[in-house]
Each structure stands twice: as structure tokens, then as C-alpha cells.
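A quick write-up on the structure given underneath.
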Protein chains: 2
Amino acid sequence: MLKGHLDAVLLATIGDEALHGYAIIEAIRARSGGHFDLPEGTIYPALHRLELAGLLASRWVQPDGGRKRRVYALTDGGRQSLVERRAGWQSFASGIDLVLGARA
Amino acid sequence: MLKGHLDAVLLATIGDEALHGYAIIEAIRARSGGHFDLPEGTIYPALHRLELAGLLASRWVQPDGGRKRRVYALTDGGRQSLVERRAGWQSFASGIDLVLGARA
DNA sequence: GTCTGAAGCCTAGTGTTACTAGGTATAACT
DNA sequence: AGTTATACCTAGTAACACTAGGCTTCAGAC
């Protein structure tokens, strides 16, 4: 449960790499130290939503051996949005920290 | 928008003080350094939900001058839940930090 | 050679959450 | 008398991420 921060997580995970959906799930699991193991039903609709919003662009890729993949990359708007969302997260987290008296 | 952490914020804000709804809003605004200014339509239903869940107990108080207030205090279960939610928040926040590459 | 599991994509439906947008009442100040 | 702050409440709603399915392709086991 990413609680409203899924978009930031997706944008940050894709970063400059251009990943496909299945790889994004694995990357999030790895980069979060196992904290987040997102089901496909969570990320695919989110990727579509972000593409519709113009933050991601996708293309189909046929690798040598293996089946076709849909690969996502950040658009300029996506990079911009990532910067904003990162700042938003830091602001949000520091607010919660203050109230909870944790890490403050 | 507290994104799933509203309950933790409410429990932490009430703490050992026994506050009424309106005062909780002000306390959250003050303790969060202005980050969070929650509308009443957010906190009253949440307080009811937490009371129904057995984490809060309320009683009506008639102060000298001024109108009646419904005052909320943590139950034992609420204190227990607060401990768990604080830990949950720290775990969640560190996961997001890792993925976003912020504060990590 | 077929069967199983992993890789890979997808959607419909659902429950939770916190929001908006109202309503009501009392007390203090002007 | 009217406004503002205090104080409580609810119905309806939109967003979000989840569950629970379905589909295809490829590699390896038996």
C-alpha cells in the first residue's frame, strides 16, 4: 500500500532507465529493501494513468528471445513531476515526523 | 491529505492529553508546523471510526462558559496501536526514502 | 512432446480513505 | 443585531490501490 505515493515511486524507479512493467515491480522490490512488493494490478493501471497524463511514454520492444515488452520512459513532464513529487514527499514526511515525534 | 496516516496522526496528537475535535485540528496544525490543516469533515468521521474500533473513548464535557465538547482519550488499545503505527510509519518512510533516493 | 512455471501484459470490480459541501448551535465581540 | 470563532455533525464523492481473475509466450523438466 503506497498511500498516494505510488506515482512518485514509479517515476523515481524508472528514472533514466526505461523499464518495462514487470521489471519495475522487481526494481521497486529491490530498491525498497523488500518493503514494497507491488501486485501487477497496482502498477499496470498506474503506468497507463501516468502515460495518459503525459508523464511517461511507452513503446513496444521485441528482445532477442523472449516476448514483447512495453517499455516506459520519463517524458520531460515526467522528470519535472518527479522533482516536484520528491520535494512533496520530503515536506509531507517531515510533517508526519513532527506530529508523530519520530525521527524529528 | 494524510494518505493513510491520518489515524496515526490523530492517535499521536491526542496522546495523553484528552482533546476535543476542534482542539485536535489546531494541535495538528501547530505540531506539524503548518503542514497539515485538516477540515472538520476529515477528522470527525475519523474520530468516530477510531472510537468504534476501540482505540479512542469519548465523553461530553461542559466547561465553565463555552459550549459542550466531546473529549477523546486513548484507550489501552489506542496506545498499543499508536506504538505499532509509529513503527509502521518509520518503516514505510524509510522504504519510500530508499526508492526516491531522498534522505537516504 | 507435453506440462509446469516463470515472464509478461491486461481489466473489472471493490473497499478504504479523506475530501467537499453542506447543516446546526452557542458564545463573544461589535 | 450581525458577525466571527468555537464546536459538532453527515451525506455524497472521487481517487487510490487492492483482489482476483484472464491471456500469451518461452524455457526447462519429465
Side-chain angles (χ1 to χ4, degrees), chain A residues 1-11 13-14 18-30 32 35-53 55-56 58-72 85 88-89 92 95-96 99, chain B residues 1-11 13-14 18-30 32 35-53 55-56 58-72 85 88-89 92 95-96 99:
Chain A
M1 179 45 155
L2 263 322
K3 294 172 176 156
H5 305 286
L6 174 61
D7 292 359
V9 163
L10 289 175
L11 294 174
T13 299
I14 294 171
L19 297 174
H20 63 283
Y22 213 80
I24 291 172
I25 293 177
E26 293 176 336
I28 291 174
R29 186 167 44 226
S32 70
H35 277 293
F36 307 128
D37 191 5
L38 303 183
E40 301 172 28
T42 291
I43 71 125
Y44 287 114
L47 291 171
H48 299 163
R49 178 165 41 80
L50 291 173
E51 180 163 30
L52 196 68
L55 305 183
L56 293 179
S58 73
R59 63 197 160 85
W60 286 93
V61 171
Q62 175 68 65
D64 305 342
R67 50 169 302 185
K68 277 203 299 183
R69 297 162 172 174
R70 183 137 131 180
V71 164
Y72 291 88
R85 285 167 200 269
W89 160 252
F92 175 78
I96 299 283
V99 176
Chain B
M1 182 40 155
L2 263 324
K3 293 170 177 156
H5 305 287
L6 174 61
D7 292 358
V9 163
L10 289 175
L11 295 173
T13 300
I14 294 172
L19 297 174
H20 64 282
Y22 213 79
I24 291 172
I25 293 177
E26 294 176 334
I28 291 174
R29 186 166 46 227
S32 71
H35 277 292
F36 307 128
D37 191 5
L38 302 183
E40 303 172 28
T42 291
I43 71 123
Y44 286 115
L47 291 172
H48 299 163
R49 179 163 43 80
L50 291 172
E51 181 163 28
L52 196 67
L55 305 183
L56 293 178
S58 72
R59 63 197 160 86
W60 285 92
V61 170
Q62 175 67 66
D64 306 342
R67 51 168 302 186
K68 278 203 299 181
R69 296 163 173 174
R70 184 139 133 179
V71 165
Y72 290 88
R85 285 167 201 270
W89 160 252
F92 174 78
I96 298 282
V99 176

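Order of the sequence lines sets the chain letters (A, B, ...), proteins ahead of strands, with each chain counted from 1.
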How many Å lie between [atom1] on [X] and [atom2] on [N], as a whole number?
X: Ile43(A); N: dC16(D); atom1: CD1; atom2: C1'; value: 15 Å
X: Gln62(B); N: dA27(C); atom1: CD; atom2: C1'; value: 11 Å
X: Leu38(B); N: dA7(D); atom1: CG; atom2: P; value: 17 Å
X: Asp7(A); N: dA17(D); atom1: CG; atom2: P; value: 6 Å
X: Tyr22(A); N: dC23(D); atom1: OH; atom2: C1'; value: 14 Å
X: Ile28(B); N: dA18(C); atom1: CD1; atom2: C1'; value: 13 Å
X: Leu52(B); N: dT17(C); atom1: CG; atom2: P; value: 13 Å
X: Ile25(A); N: dC18(D); atom1: CD1; atom2: C1'; value: 13 Å

Taking only the side-chain nitrogens and oxygens of [X], find out if one of them lies under 4.0 Å from OP1 or OP2 of [N].
X: Tyr44(B); N: dC8(D); answer: yes
X: His5(A); N: dC16(D); answer: no
X: His20(B); N: dT6(D); answer: no
X: Arg49(A); N: dA15(D); answer: no

Let's see if you can work this out: which of [options] has an atom nearest to the side-chain heavy atoms of [X]?
X: Glu40(A); options: dC9(C), dC8(D), dA18(C); result: dC9(C)
X: His48(A); options: dC9(C), dC18(D), dC10(C); result: dC10(C)
X: Pro45(A); options: dT11(C), dT20(C), dT6(D); result: dT11(C)
X: Arg67(A); options: dC9(C), dA18(C), dC18(D); result: dC9(C)

Taking the side chain as every heavy atom from C-beta outward, state whether [X] and [Y] have any pair of such atoms under 4.5 Å apart.
X: Leu6(B); Y: Leu50(B); value: no
X: Lys68(B); Y: Gln62(B); value: yes
X: Arg85(A); Y: Asp7(A); value: yes

> Hey, what's the ring geometry for Phe92(B) with Phe36(A), parallel, tilted or perpendicular (30° and 60° as the breaks)?
Replying inline: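 Judged by the thresholds at 30° and 60°, the geometry between Phe92(B) and Phe36(A) is perpendicular.
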
>> What I want to check is whether an N or O donor and acceptor connect the side chain of Arg69(B) with the base of dA7(D) at under 3.5 Å.
In response: no

> NA contact type, Gly41(B), heavy-atom cut-off 4.0 Å: base, sugar-phosphate, or nothing?
Replying inline: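 It contacts base atoms.
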
>> To check you understand the geometry: which heavy-atom pair defines the closest contact between Leu10(A) and Ala46(A), and what is its length?
In response: CD1-CB, 3.6 Å

